[in-house]
Structure formats: C-alpha cells, structure tokens
Number of protein chains: 2
Amino acid sequence: MTQKKDAKNKKQQILDAAEYEFLTNGYEATKTTQIAKRAGVTHAMLHYYYQSKENLFNKIFEDKIETLKAPIDALAQNKDIDLRDRIREIIELHFDFLKTHPDLPHFLINEMRSNPQLIKILREKVGDTLRGTFATIQTEIDEYVAKDIMKPISAFDLFLDIVSLNVFTFISLPIFRHIAYNEEKEQQLIENRKKEIIQTINYRILK
Amino acid sequence: MTQKKDAKNKKQQILDAAEYEFLTNGYEATKTTQIAKRAGVTHAMLHYYYQSKENLFNKIFEDKIETLKAPIDALAQNKDIDLRDRIREIIELHFDFLKTHPDLPHFLINEMRSNPQLIKILREKVGDTLRGTFATIQTEIDEYVAKDIMKPISAFDLFLDIVSLNVFTFISLPIFRHIAYNEEKEQQLIENRKKEIIQTINYRILK
DNA sequence: AGATTGTTAGACAAATTTGTTTAATACTCT
DNA sequence: AGAGTATTAAACAAATTTGTCTAACAATCT
C-alpha cells in the first residue's frame with residue numbers, strides 16, 4: 001500500500017507534473033504524454049495511478065480550489081483590528097498570495113469558462129464562507145460610515161475592486177513583462193503595483 | 001473571383017463561425033469540424049478557403065487586434081475637454097466597448113499566454129500608440145497636479161487601474177453571473193459596477 | 001523465500017483530428 | 001453554351017492522443 005524507494009515517489013511526481021502542465025497550458029492543450037515525460041515516468045504509470053486524464057485534472061482542480069480557500073478563510077476570521085487597517089492587510093495578503101500563485105487565477109477562470117460545472121464546485125466550496133464574510137464586513141463598513149470615517153461602499157464592490165486590481169496585475173503580467181528588463185525590475189514593477197492598489201482602495205474608502 | 005449567391009457567402013460564414021468557436025473555446029479546444037458545422041458548410045470548404053486551422057486562427061486573432069485598436073485610438077485623440085472629464089469618458093467608453101466584446105479580453109490574454117509570439121504582434125500593433133498616449137497624458141496629469149487639482153499618479157498606473165477594474169468585471173462575470181437571477185438583473189449588476197469603477201477612479205485622481 | 005506492489009518498455013487498439021483528394025453537381029459570368 | 005468557380009459528399013491518409021495490456025524486472029514486506 002505504501003510507496004517505496006525515494007521520498008519523491010512517482011505518484012507525487014506525476015501529480016506535480018500534471019499541476020505544472022495544466023496550470024501552464026490548460027486542460028485541452030495538456031497532453032498526458034507530456035505530463036509523463038515531465039514526471040520522468042512512463043506513460044503507463046499515469047494511467048496506473050490516475051486512470052484518466054480527466055480524473056487527474058479533477059485532482060489538480062480540487063487541489064487548487066483548496067489553495068484558494070486559504071486567503072478566503074483568512075478574510076473570514078474577524079481579527080480585532082480597525083477595519084481600515086484590516087482592509088489594507090487583506091489587500092497585501094491577497095496580493096502576496098497571488099505572487100506565490102501567479103498562474104492560479106488564469107487557470108481557474110479559464111477552466112471554469114470552458115466547463116461551467118467547475119463554477120458550481122467553486123461555489124460549493126467557498127460560496128457560504130464568502131457570503132458570510134460579506135455580511136459581516138458590510139455591517140462593519142456601515143458602522144464606520146455612520147461614524148463618518150469611511151465612504152459608503154458595498155462589501156461586494158469593495159471585494160471586486162480589490163480582487164480586480166490584484167488579480168489583473170498577474171493576469172496581464174505576461175503582456176507587460178517586457179517593460180521590466182530583468183527579474184529585479186519586474187519585482188519592482190510588481191511592488192509598485194501593490195502600493196498603487198493599496199492607495200487606490202484607501203482613497204476609495206477612507207474619508 | 002467574386003462570391004455569388006446569398007449575401008452571407010460561405011467564406012464569411014466560416015470566418016464568423018471560427019470567430020465564435022475560437023473566442024468561446026480557445027485555439028486548442030476548437031475543432032475545425034465544429035467550425036464547419038457551425039458555418040453550415042462541409043469540412044472541405046474550410047480548407048478550401050483557409051488552408052489550415054492555424055491560418056484561420058491568425059485571421060481571427062489579427063481581426064481581434066484590430067477591434068482592440070478602436071478604444072486605444074480613441075484614447076490617443078486629444079480632445080479639448082478637461083482631463084478629469086476625459087478620463088471619465090475614457091472609462092465609460094472602454095467599459096461599453098467591453099460590454100460589446102465581453103469575450104475579447106479573455107481570448108487575447110489566453111492565446112497570448114499559450115503563444116507568446118502573439119504578444120509581439122500585439123505590441124507591434126498598439127505599442128507605439130500606447131506609449132505616445134501615456135506620455136501625452138502624463139504631461140497633462142502633471143500640469144493638473146501642479147495646479148493642485150489632481151492627485152499624483154503615473155499614466156501607466158492609471159491605465160492599469162482602469163483596465164483592471166473594467167476588464168475583470170467581464171472576465172469574472174461567468175463566475176458571478178448566478179448572483180443576478182435574470183438578464184435584467186445582470187445588466188443592472190454590470191451598470192452598478194460601471195458606476196463603482198468611475199467612482200473609484202475619481203476618488204483616486206481627484207482632489 | 002514468497003507474495004505483493006511498483007515500474008519499465010513496448011506493442012497495440014480505438015477514437016479524434018487535420019488535411020487532401022476526387023467525382024459530381026450547381027451556380028455565375030461572359 | 002462554355003468556362004470557371006463554388007459546393008457537396010465521401011473516401012482516405014497521417015498524425016496524435018488516450019487508454020489498455022502484457023512480460024519482465026525491481027523493490028519491499030511478512
């Protein structure tokens with residue numbers, strides 16, 4: 001039952017290779033032969049462990065949904081910090097999360113677009129948490145607005161503003177990458193965007 | 001040489017079908033047989049007119065780049081209106097453009113990601129215009145900033161803020177669509193986003 | 001040592017996909 | 001009427017892709 005030999009067992013290697021291929025190329029453009037090649041195993045092994053391409057993809061997709069849950073759960077936990085500081089923290093957390101997972105948004109959006117069934121899966125996994133968080137934050141916002149220290153905004157709009165600005169930074173990066181001439185400059189460009197996004201949201205909500 | 005029969009000649013029908021299929025499913029997931037089926041012609045006709053799938057795709061891609069040039073050129077023409085009003089106009093123009101072409105951003109981003117050669121083509125077609133426009137607008141911004149009627153911002157950041165917010169509205173629409181229960185509510189949701197985006201940018205730049 | 005599991009290499013089948021070709025027919029123009 | 005173009009239907013080839021299967025060997029466990 002247990003794996004033998006080297007720590008990095010073949011089953012995991014296949015999963016890692018599949019993750020790379022699916023996230024880089026999407027479902028359709030990914031070939032199982034290429035996954036096997038990247039994993040350094042024979043093509044037969046892939047089917048031995050994961051039966052089908054679709055099954056292997058679903059494993060990756062579900063794993064990526066789990067990955068996405070982390071920042072959403074972080075959003076949900078109501079820390080005892082001034083809302084305005086917390087929003088700034090959330091932006092930074094989400095932005096840094098994307099820095100670690102730059103291909104994730106495009107992967108999810110792309111696959112959900114070509115297979116709407118996957119949208120349902122996402123909603124089942126994070127829908128409730130998200131709705132609850134929106135409700136909580138909306139209450140907080142309204143309190144701050146009543147105290148005249150915040151501009152009115154719906155939690156949904158605020159969420160979408162932040163996600164739009166953060167996600168699009170990384171979705172559009174392949175297109176704007178050439179503006180930065182080396183890795184260091186690119187990191188600088190990314191950090192500049194982060195500051196700009198925080199500033200934009202702050203101007204949007206602070207009075 | 002000329003086409004005969006009905007106005008909607010087969011050659012054009014194939015192009016239309018290809019546009020639909022490529023924009024909806026992307027290059028890899030699109031099958032030439034499906035294009036032929038949608039166009040209502042035999043599979044042989046597709047190759048008769050367009051030789052190969054790749055050739056047909058390139059036609060569509062270049063056509064979509066041309067489509068994208070419209071709002072970029074609109075951005076370039078320096079109308080004699082107060083910058084602050086012009087920015088608002090640009091946001092609305094771009095947003096409404098996306099309403100008419102909701103699949104365009106995802107299509108371009110997706111295909112450029114899987115084929116970086118296409119990024120070069122985009123840059124060749126719109127790079128110069130965009131750089132020039134950025135320079136012009138930056139000068140204007142700086143004047144307004146000097147007069148203390150605008151907050152400082154780089155033209156590039158402003159551009160990216162607007163594009164991020166506008167584009168992500170439509171990229172994420174398939175995921176958030178269920179929030180609206182019918183077509184009317186969906187249009188309402190979209191119009192609300194438009195207002196929110198204008199507001200956000202205004203707070204970001206106006207003093 | 002024997003049983004079980006992991007692994008390879010390779011052959012193979014079935015389906016799909018792209019692209020070509022041919023023969024026949026219809027339409028359009030001069 | 002005849003030439004040329006548009007179009008269909010269908011057969012076909014070649015390549016790719018997914019998936020199965022088998023025979024052999026290696027590693028591990030009991």
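Protein chains get the first letters and strands the later ones, always in sequence-line order, with residue 1 at the start of each.
- Computed from coordinates, the Met45(A) CE to dT18(D) C1' distance equals 17 Å when rounded to whole Å.
- Between Arg204(A) and Glu196(B) there is a salt bridge, since a side-chain N of the basic residue sits under 4.0 Å from a carboxylate O of the acidic one.
- Set against dT7(D), dT18(D), dG19(C), the side chain of Lys53(A) has dT18(D) as its closest nucleotide.
- Summarising the geometry, the separation between OH on Tyr49(B) and P on dT5(D) is reported as 11 Å, rounded to the nearest angstrom.
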Between the protein and nucleotides 10-12 of chain D, are there any N/O to N/O pairs under 3.5 Å, and if so, what are the atom names and distances?
none

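- For Arg86(A) (side chain) and Ile81(A) (main-chain N/O), a donor-acceptor pair under 3.5 Å exists by modelled atom type.
- Across the protein-nucleic acid pair, Glu28(A) atom CD and dT16(D) atom C1' stand 13 Å apart, rounded to whole Å.
- Judged purely by distance below 3.5 Å, without hydrogens or angles, the side chains of Gln12(A) and Asp16(A) pair a donor atom with an acceptor atom.
- Scanning residues 32-41 of chain A for heavy-atom distances under 4.0 Å to DNA chain C yields Gly40(A), Val41(A).
- Applying the 4.0 Å criterion to OP1 and OP2 of dA6(D), one finds that Lys11(B) has every side-chain N and O outside that range.
- Rounded to whole angstrom, the span from the NZ atom of Lys10(B) across to the C1' atom of dA9(D) amounts to 14 Å.
- Set against dT18(C), dA9(D), dA6(D), the side chain of Thr42(B) has dA9(D) as its closest nucleotide.
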Could you walk me through whether Gln187(B) and Glu183(B) satisfy the side-chain hydrogen bond (donor to acceptor under 3.5 Å, both in side chains) test, starting with their C-alpha distance in whole Å, then the side-chain angles of each, then the deciding distance to 0.1 Å, before giving a yes or no? CA-CA 6 Å; Gln187(B) 287 309 313; Glu183(B) 177 61 24; 3.1 Å; yes
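- Atom CD of Glu21(B) and atom P of dT17(C) are 12 Å apart (whole Å).
- The ring pair (Phe, Tyr, Trp, His ring centres under 6.0 Å) check on Tyr48(A) picks up nothing, with sequence neighbours excluded.
- Two rings, from Phe170(A) and Phe95(A), have their centers less than 6.0 Å apart.
- Cation-pi geometry between Lys64(B) and Phe107(B) is not met: the NZ or CZ atom fails to fall both under 6.0 Å from the ring centre and inside 45° of the normal.
- Using a 4.0 Å cut-off, no side-chain N or O of Tyr48(A) falls inside it from OP1 or OP2 of dT7(C).
- Because its NZ or CZ atom is not both nearer than 6.0 Å to the ring centre of Tyr49(A) and within 45° of the ring axis, Lys10(A) does not count as a cation-pi partner of that residue.
- Of the listed nucleotides (dT17(D), dT20(D), dG6(C)), dT20(D) has the atom at the smallest distance from the side chain of His47(A).
- Looking at the side chain of Lys31(B), the nearest of the listed nucleotides dT5(C), dG19(C), dT18(C) is dT18(C).
- The distance from atom CG of Leu56(A) to atom C1' of dT18(D) is 13 Å, rounded to the nearest whole Å.
- Remark: Lys151(A) fails to qualify as a cation-pi partner of Tyr144(A) under the 6.0 Å distance and 45° angle criteria applied to the six-membered ring.
- Between Leu46(A) atom CG and dA9(C) atom C1' there is a gap of 16 Å when expressed in whole angstrom units.
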